[in-house]
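This report refers to the structure that appears directly beneath it.
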Number of protein chains: 2
Amino acid sequence: MSPRKLDPDTRTTLVDIAARLLAEHGAGALSTRKIAAEAGTSTMAVYTYFGSMSGLVREMVHEGFARLEQQFAGVRQTDDPVADMAVLGHAYRHNARVNSHLYAVMFGGQSLAGFSLTEDDRQHGRYTLATVVDCAGRCIAAGRFGEADPLLVAHEMWITTHGLVNLELGGYLIDPVGADRAYEAMLTSLLVGVGDDVKSAAASLAASKKRRRREVETPEPVTSRN
Amino acid sequence: MSPRKLDPDTRTTLVDIAARLLAEHGAGALSTRKIAAEAGTSTMAVYTYFGSMSGLVREMVHEGFARLEQQFAGVRQTDDPVADMAVLGHAYRHNARVNSHLYAVMFGGQSLAGFSLTEDDRQHGRYTLATVVDCAGRCIAAGRFGEADPLLVAHEMWITTHGLVNLELGGYLIDPVGADRAYEAMLTSLLVGVGDDVKSAAASLAASKKRRRREVETPEPVTSRN
DNA sequence: CAGTGTTGCACAACGCCGTTATTCTTCACC
DNA sequence: GGTGAAGAATAACGGCGTTGTGCAACACTG
C-alpha cells in the first residue's frame with residue numbers, strides 16, 4: 001500500500017495542491033493541514049517531502065522560475081532581435097499574470113510562511129535572465145543598441161518589466177494610464193533610450209505584437225494535474 | 001490611570017512598535033502578543049485601536065506612504081526639472097531602502113497577517129504620485145520631454161524606480177551590474193527615451209547627484225505622528 | 001525465504017497565533 | 001453621588017507549524 005521510497009508523484013502533487021490553494025484561496029489557505037486534507041495524507045507529508053512549510057514554498061518559487069524559463073523558451077529568435085526582446089517582455093508579463101501568486105512569492109520579499117529567499121534561489125532567478133542577456137547581445141550585434149553592455153541592457157529590461165508587472169498585479173495601474181498603455185510606452189522609451197532609433201523601435205514593436213499571441217499566450221502553461 | 005477616550009499616543013506607539021518588530025525581527029515577529037508585551041498592554045489594545053491585526057498592517061501601509069510623501073516634500077523645485085525628477089527618483093529609492101519592511105507591505109501584494117490592499121489604500125498610493133506628475137509637467141513645459149503626457153511619464157518613472165527598488169530589496173541586483181549602476185543607467189535611458197537629449201539628460205543627472213544628499217538623505221524621516 | 005533494520009506515515013501533543021467572550025474598572029454625564 | 005457606557009485585562013477557542021511516538025511496510029542480509 002504505502003510505497004517504500006519517496007514518491008516523486010506525491011511530491012509534485014503536493015506542490016500542485018499548494019499552488020492551487022495559494023491561487024484560489026490566498027495565502028491564508030496555505031497550511032499543512034489543508035494540503036494534507038486535499039492530498040489525503042497526514043500533515044507529515046509536508047515534512048517528509050520538504051522538511052517544512054517554507055521548504056514547500058521554496059519549491060513553489062523554483063516552480064515559478066521554471067515556468068518563466070519555459071515561457072521564454074517559447075519565444076523565437078528572429079532576425080529582428082528587438083522584436084524578440086519585446087516578445088520576451090510580453091512573455092515575462094504574461095507568465096507573471098498567469099502565475100501571479102507564485103510571482104508574489106518569488107519577488108514579494110518575505111512573509112509567506114516565514115519563507116525567505118536564499119542566495120541559491122536568487123541565483124536561479126538571475127540565471128533565468130540569461131535568455132534576455134543573449135537577446136540583448138543580438139540586438140547590439142545587429143547594430144540596434146549602439147555600444148551598450150548586454151548585461152546592463154538585460155537588467156534594464158528586467159527592471160522595467162518587473163516594475164510594471166509588480167504595480168499591475170498590485171492594482172496600482174488603472175485608467176487613464178493602465179498597464180497595457182504603460183507597457184507599450186515603457187518599451188518604446190527604453191528601446192529608444194538604450195540606442196535604437198524611434199522608427200526602428202516602433203517597427204519592431206509592431207512586429208512583436210503579431211507574435212505575442214502565438215509565441216507567448218497559446219500554450220497555456222500546465223498549472224497542475226489533479 | 002486608564003484614559004477614558006482612545007489615546008492617540010497609544011495608537012502611534014502601537015504602530016511604531018509594530019513597524020520596529022517588523023523591521024528588526026521580520027514578519028514572523030509581528031504578533032498581537034509581542035506588540036502588547038512591548039507596549040505594556042494586553043492583546044486587546046490592537047483590537048480596540050485597529051479592529052484587527054490586518055487593520056494595524058493597513059495603518060503601517062498608510063504610514064509608509066506618508067513617509068514617502070514627506071520624502072518627496074524635501075525635494076526642491078528648481079529651474080532644472082529633469083534634475084528634480086532624478087532627485088525624486090532617488091528619494092523614492094532612499095525611502096524604500098530606509099523603510100524596506102513597510103515597502104514590502106505596501107507593494108508586496110498579499111500575505112502579511114491576511115492583509116490585502118483595498119482600493120482606498122491604492123488610491124493613497126496613486127495620490128503620492130502627484131508630486132511626480134507635477135514634475136513631469138514641468139519637464140514638458142521646459143521643452144525637455146517633447147509632447148509627452150505628464151501622467152504617462154510619471155508612471156514610467158514610477159515603474160522604473162519601483163522595479164529597480166523591488167529587485168534591489170529582493171537581493172537580485174548584484175555585481176557586475178548592481179543597483180547603483182542600474183539606477184543611473186535606467187534613469188539615463190528613460191530620460192532620453194521620453195524625449196530629452198543625451199547631453200542635457202547627462203547634465204541634469206550630474207546636477208541631481210549633488211542635491212541627493214542634502215535633499216533626500218539628511219533629514220532621517222521621523223517615524224510617525226498621525 | 002525468514003529475519004532485521006530502516007523509513008515513510010498517521011496520530012497525538014506542544015506552543016504559538018488571531019480572535020472573542022467575559023469581567024472588571026473607570027470615567028462622563030445627569 | 002448614581003448610573004451607564006466603554007476601554008482594558010484575563011482566559012478561552014480554534015487553527016496553525018512543528019515534533020515526538022508508534023506502527024507498518026518495504027529493502028536488504030544470510
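A, B, ... follow the sequence lines: proteins, then strands. Residue 1 opens every chain.
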Rounded distance (Å) that lies between atom [atom2] of [N] and atom [atom1] of [X]:
| X | N | atom1 | atom2 | value |
| --- | --- | --- | --- | --- |
| A:Tyr47 | D:dT19 | OH | C1' | 9 Å |
| B:Leu21 | C:dC17 | CG | P | 11 Å |
| A:Ile35 | D:dT18 | CD1 | P | 11 Å |
| B:Met53 | C:dT20 | CE | C1' | 17 Å |

| field | Closest non-hydrogen atom pair, B:Arg122 against B:Leu117 | value | NH2-O, 3.7 Å

| note | Scanning both residues in full, the closest heavy-atom pair of B:Leu22 with B:His101 reads O-ND1, 3.2 Å

| message | Out of the candidates A:Gln70, A:Glu69, A:Glu63, only one should pair with A:Arg67 under the side chain to side chain donor-acceptor pair (under 3.5 Å) rule; please name it. | response | A:Glu63

| query | C:dG8 phosphate, OP1 or OP2: any side-chain N/O from A:Tyr49 under 4.0 angstrom? | reply | no

| request: State, yes or no, whether a side-chain contact exists between B:His162 and B:Asn166 at a heavy-atom distance under 4.5 Å. | output: yes

| field | Centroid-centroid distance, A:His155 to B:Tyr172, less than 6.0 Å | value | no

| request: Under 4.0 Å from any atom of DNA chain D, heavy atoms only: list the residues of residues 39-46 of chain B that qualify, in numerical order. | output: B:Thr41, B:Ser42, B:Met44

Within the sub-3.5 Å range, which N or O atoms of nucleotides 12-16 of chain D have a protein N or O partner, and how far apart are they?
from   : atom 1 : to      : atom 2 : distance (Å)
D:dC16 : OP1    : A:Ser31 : OG     : 3.4
D:dC16 : OP1    : A:Lys34 : NZ     : 2.7

